Each structure stands twice: as structure tokens, then as C-alpha cells.
Amino acid sequence: MRNRKTLIKITVSLLFIIPLILSIFPFILMILVSLTQKSSIDFRFNFSEMSLINYSALFRNLNFLSLFKNSSIVVFFACTLNSLIASMAGYAFAKKWIWAKEKIFWIYLMTLIVPGQAIIVPLFIIMNKLGILNTHVVLFLPIINAFGVFLTRQFMESLPDDLLDAAKIDGCNEPRIFFNVVLPLVKPVIISLTIFTFITSWNDFLWPLISTTSSSMYTLTLGLSTLQSNYLTNYGLLLAGSTVIFLPPFILYSILQKQFIEGVALSGLKG
Amino acid sequence: MKSQFKNKSQRDYWGIAFLLPSLLILTLCYLLPMFMDLYYSFTSYNIIQEPKFIGLENYRELFSDKILGISLRNTLVYTIIVVPLQTVLALVFAVLLARVCSFRWGNLVKSILFIPVITSMILVGTIWRIFLTTDGGYVNNILQFFNIAPVNWLGGINSSLFSICLITVWKLTGYFLVIYYAAIMDIPKSYYEAAKVDGSNQIQQFWHITLPLLKPITYLVVTLGTIWSFQVFDLVYTMTGGGPGFSTTTLVLSIYNTAFKQFRMGYASSISIFFILIILVISVVQKYGFREKS
């Protein structure tokens, strides 16, 4: 009986090698081919002929340095502003008096149901009228949404009122209470929110595609998509571009695995 | 002094001050566009000239638009293939990992299957378009090894949408697996021990304990999967561009093409309103389902 159980356990465990290979092998192939200059792809890799020539072509001649910079700027502002603005609003909803609070919060929830793709047309028209298309601001502004507010509010409601009162009696003003008392206490949720925002903004495609027309403002995803239409069969180059997009989230994921899974799994709440 | 103790009901304006930045951005980027969607959907507007009010003309066109019909059908087919596949795979994987395999192995598999989840759809589209090349692509190479004739993955009218479905499942199963896995880990061990005492085997335990307790999670996974499926864009944009013909044109791709290829902002807005209504219906059905079952 015991033996049979162990056998089942081992067989099932070994069966998972198939999905494991399926999820990881494409990325290994991506990196391997990106180091070659093949015109057709195959499984034969000559390690002595591998070079970083595709990467140097990307960064030297194909604008990838500026794409990388744009993506980084957008991600940085999206993450910091979204965390700050969302937790401020979350705090207001959880602990402060606001006129018609329930109704406003209900409006916040409504905006979560409407998918982003359904409002890009008027969003483009607004940003066009404001004259801010082709700027970094237009790329990160719509990433700040009600989801972070919803999330931080839930955590802040559990903070004891006595604590905030005590800080007040000690002579803290409101901004100080928020920055020195509230924010440190909700740090875990801010980390999750930041990771979630990082992934969303780093991988964002449709909005950059619409809101930028000048290639100097392109983000990496947009750059890869352009690369694909210009170098359809230069596989090494295309996969080098893919690797450049792949690595930053992957490296962060390797370091902060637990927080990453929590942060990305959050999008389930968004719906 | 006394009023300071009533933190919640205190009527100072700090609450509004803290809310204001968020409210302004939300109004600009979400609320205003929602109302403008509705307004433009009654107009003909090409960005250069002023919008012209044309009443229900856009909606009339909406219901007779053949290509839109095809894109709606494609989106539905995509959803019907993707959602059950990724839900069942994620559930089966999660149950096996949590109930049969060791904790270590479960965690390892979970973390590796999560890698496709954090990558960008554009990257996924790019690498799979290359691997699925009909002549000499990796997938056909492997099939050839097993003596299976090469498949025209992305070039065939019938195969292209199916290929995109498979890649979606490849990318998202890890996500739903993580959700299921956490939920199964939350089921108290004592339930299973009691069942074991009663003499039920693993498979009976799955049907009578695990599956019923996971019902709310399954609702979440199915609705989320459905809503995400309706939003599919990046993958078809990079892999097929909606073709061959219109065989992989989806609803969001239609909105994009109408607005930014044909510059028919009014008509694109009416498709957007139609799209919002579909998502609302799915959300309402979900809410209703939740109340009914839990």
C-alpha cells in the first residue's frame, strides 16, 4: 500500500516535467537563438559561434537604448505615482470624512468594470486635445487607476483609529500621520501594488501604440513590434529584442518570487 | 480637544485633499472617456472635422456590419476554447501538485509555470510566431520527428485562431494555477483526514471535498478568464494582424482598426459601448452566480 502510494507520487511528479519543459524551453531557445545569426532556426547550436552581435545592433543602431530609457521612465513614474496617489485616496476612503463617500466609492468600483480598451478612443481624443501625445506623461497617466485605491483602502480600514488619534495628540499633522504612521504600516500592500504596476506598465502595448507616433517616444514593447514588421525573418535580432524585454521582469521575479506571485495574482481582484 | 478623538466623523477637508489627485486622474482618464464614448457613438467624427450628430446611424451599422460580426464570432470561439482549457488544466495541475506531489516540488512547478505569466504578450507573440513558422519552425520540426505532417499554424483560416488560443492557454494557465493552488492549500487538512477515516479514496475526495469547496474560486477563474478573453488584442496584433482574411480579427482589434486605421472615431465609440455592455453582462452574471451558489 505504501509502495503503491509512493509510486503514484513519483509518477505524477515526473509527469509535470512536460509542462515544465513547455514553459521554460521557449525562453531558453529565445536566448540561444538571440546569440546567433541564423536565417533559419534549428536545434543545432554552435557555442563557439555565439556572440552578442544582435544586442549591439539593437542598442547601437536600432534605438533600443532610447526605448529602454522610455520604458524605464514610464515604469518608474507609473509605480511611484500610482502607489502614492492610490494610497492617499485609499486612506481618505478608509479613515477620513469625504462628502458623499459611498457614492464616490461606487463610481470608483464602476470604473474597474469598464475595460481599458473600451475607452481608448475618447482617451486618445482627450490627450490629443491637451496636446500631450508623444510624452512620457501620456504613457503613465492612464495606468493610475481605481484598482490601487480599492486595494489600499481594504488594508487601511483595518488600522486602529486609536493609533491615528495617538499620533495626532503627539502633534503630528495630517501629512505626517500619513507618511510616518500609515504608509509604513501598509508596506506589504504597497509592495504588491508596485510589482503589479511594474508588470502592467512594462508590458503595456495598446496604449503606447496609440498615444505615441514619434519613434523617439516608443516603449520597448512598441519597439519590438516595429522590429518585427521591419525584420520579419531576422530571427536572431527579433529574439534578442524579445530577450531585452524578458530579462528585467524575469530577474526581479527571480529575486522577489513570493511578492511577485502575490502582486500579479492581485489582478484577479481587478476583474 | 474632544473632537480630535472622533477621527472618522471629523469634518475637516484633509480627506478631500488626499482624494483629489486620484479623483482628478480618474475623471480625466476614465470617467470623462466613458461619457465621451457615449456621446461620440451618436456622431460621425474623423478627428480633423468637428463631430457631426447622426443619431442612431452608428448603431444601425453595428448590427449589419459583417466584419464586426466575424470579429464577435472569433472572440466568442476564442473564449469558448481558451476558458475551459485553461480552467481545467489549472485545476488539474493544482490538485495534483497540492494533493499528490511534495510541497517542494509543488512550489517549484508553480514558480516555473508562472514565468510565462509575467512576460509581455508582445514578446510571447514574437517568439511563438517564429517557433510556429510552417517551414522549419521548432514546433513543426518536433512534429516531423514523430512523423506528423507540418501544420500551417498561423497561415490557415481555421488553424490560426486555434493556434492563438493554444498560446494564450500556454501563457495564462500558470496564473490560474497559482490561484487554485493557494485555495487548495487553504482547505483544512482535517476534512481529508475525516474522509480517509470514512474510507474514501483520493478521487472521491476530489469530487466530494476539493471541487465543491473550490466553487467560488472556479467562478472567479471562469469570469476572469472570460473577461480577459474578450479583451484579447496584443497577441493577434503581433502574430497574425487579424488575418489570414479576417479569421483572427477580434472585437478589440476591430475597435483599433476602425478608430486608428479608418479614423472613424464615432463608429469605433459605438463598438466600444457595445463592448462595455458585453463585459457588464458577464460581470452581472458573475455576481448573480456568486449569490446563487455561495
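In what follows, every chain begins at residue 1, and chains take the letters A, B, ... in the order their sequences are listed. Keep in mind the model is a prediction, meaning the values are calculated, not measured.
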If I take atom [atom1] from residue [X] and atom [atom2] from residue [Y], how far apart are they, to the nearest 0.5 angstrom?
{"X": "F25(A)", "Y": "Y138(B)", "atom1": "CZ", "atom2": "OH", "answer": "8.0 Å"}
{"X": "I113(A)", "Y": "S283(B)", "atom1": "CD1", "atom2": "OG", "answer": "5.0 Å"}
{"X": "L22(A)", "Y": "I112(B)", "atom1": "CG", "atom2": "CD1", "answer": "12.5 Å"}
{"X": "Q117(A)", "Y": "Y256(B)", "atom1": "CD", "atom2": "OH", "answer": "13.5 Å"}
{"X": "T11(A)", "Y": "L96(B)", "atom1": "OG1", "atom2": "CG", "answer": "11.5 Å"}
{"X": "L19(B)", "Y": "I85(A)", "atom1": "CG", "atom2": "CD1", "answer": "11.0 Å"}

Tell me, for [X] versus chain B, whether the close heavy atoms (under 4.5 Å) come from the side chain, the backbone, both or neither.
{"X": "L141(A)", "answer": "both"}
{"X": "I104(A)", "answer": "side chain"}
{"X": "L81(A)", "answer": "neither"}
{"X": "L20(A)", "answer": "both"}
{"X": "N82(A)", "answer": "neither"}
{"X": "L209(A)", "answer": "side chain"}
{"X": "K129(A)", "answer": "side chain"}

Contact winner vs chain B - [options], heavy-atom pairs under 4.5 Å:
{"options": "A92(A), A89(A), A118(A)", "answer": "A118(A)"}
{"options": "I24(A), L227(A), L206(A)", "answer": "L206(A)"}
{"options": "T233(A), T111(A), L15(A), D162(A)", "answer": "T111(A)"}
{"options": "I199(A), I245(A), I126(A)", "answer": "I126(A)"}
{"options": "I210(A), I120(A), T243(A)", "answer": "I210(A)"}
{"options": "L232(A), I17(A), I10(A), L252(A)", "answer": "L232(A)"}

Proximity breakdown for [X] and chain A, heavy-atom pairs closer than 4.5 Å:
{"X": "L251(B)", "result": "neither"}
{"X": "Y45(B)", "result": "side chain"}
{"X": "M265(B)", "result": "both"}
{"X": "F233(B)", "result": "side chain"}
{"X": "F93(B)", "result": "both"}
{"X": "Y40(B)", "result": "side chain"}
{"X": "Y13(B)", "result": "side chain"}
{"X": "V100(B)", "result": "both"}
{"X": "V117(B)", "result": "side chain"}

For residues 218-225 of chain A, please give each side-chain donor-acceptor pair under 3.5 Å, one per line with the distance, not counting sequence neighbours.
from, atom 1, to, atom 2, distance (Å)
T219(A), OG1, T221(A), OG1, 3.4
T221(A), OG1, D204(A), O, 2.8

Hey, are the side chains of [X] and [Y] touching, using non-hydrogen atoms and a 4.5 Å cut-off?
{"X": "I115(B)", "Y": "S23(A)", "result": "no"}
{"X": "Y181(B)", "Y": "I261(A)", "result": "no"}
{"X": "F205(A)", "Y": "M121(B)", "result": "no"}
{"X": "Y108(A)", "Y": "L23(B)", "result": "yes"}
{"X": "Q228(A)", "Y": "T238(B)", "result": "yes"}

For the candidates [options], which exhibits the highest count of non-hydrogen atom pairs separated by less than 4.5 Å from chain A?
{"options": "N141(B), I127(B), I276(B)", "value": "I127(B)"}
{"options": "V178(B), I16(B), I282(B), L113(B)", "value": "L113(B)"}
{"options": "T133(B), I271(B), L97(B)", "value": "L97(B)"}
{"options": "V252(B), L123(B), T258(B)", "value": "L123(B)"}

Toward chain A: residues of residues 104-111 of chain B with heavy atoms under 4.5 Å
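Within residues 104-111 of chain B, the residues that come under 4.5 Å of chain A (heavy atoms only) are W105(B), V109(B), K110(B), S111(B).
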Would you name the heavy atoms of [X] and [Y] that are closest together and state the gap between them?
{"X": "K9(A)", "Y": "C101(B)", "result": "CE-C, 4.2 Å"}
{"X": "I144(A)", "Y": "I25(B)", "result": "O-CG2, 3.8 Å"}
{"X": "P115(A)", "Y": "Q231(B)", "result": "CB-NE2, 3.1 Å"}
{"X": "L238(A)", "Y": "R129(B)", "result": "CD1-NH2, 3.5 Å"}
{"X": "L26(B)", "Y": "A146(A)", "result": "CD1-N, 3.7 Å"}
{"X": "M127(A)", "Y": "C29(B)", "result": "CE-SG, 3.9 Å"}

* Around Q144(B), counting heavy atoms of other residues, nucleotides and ligands shown, do more than 12 lie under 6.0 Å from its CD? ->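 Result for CD/Q144(B): open.
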Taking everything shown except I203(B) itself, do over 12 heavy atoms lie less than 6.0 Å from its CD1?
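No, CD1 of I203(B) has 12 or fewer neighbouring heavy atoms, counting only those of other groups under 6.0 Å.
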Do any N or O atoms from the side chain of N203(A) and from the backbone of I118(B) form a donor-acceptor pair under 3.5 angstrom?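 Yes, the answer is positive, given that a donor and an acceptor are paired below the 3.5 Å cut-off.
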I'd like to know whether I279(B) forms a side-chain contact (heavy atoms from CB on, under 4.5 Å) with V114(A), so could you lay out the CA-CA distance, the side-chain angles of the two residues, the decisive distance to 0.1 Å, and finally the verdict.
CA-CA 7 Å; I279(B) 299 290; V114(A) 174; over 6 Å; no
May I ask you to check whether W170(B) and F27(A) place their ring centres under 6.0 Å from each other?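 Ring centroids of F27(A) and W170(B) are less than 6.0 Å from each other.
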Between F114(B) and F260(A), is the ring centroid distance below 6.0 Å?
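No, the ring of F114(B) stays outside the 6.0 Å limit from the ring of F260(A), centre to centre.
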Item to complete: Anything under 30° is parallel, anything over 60° is perpendicular, the rest tilted; go ahead and classify F18(B) against F178(A).
Response: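 Rings of F18(B) and F178(A): tilted, 30 to 60°.
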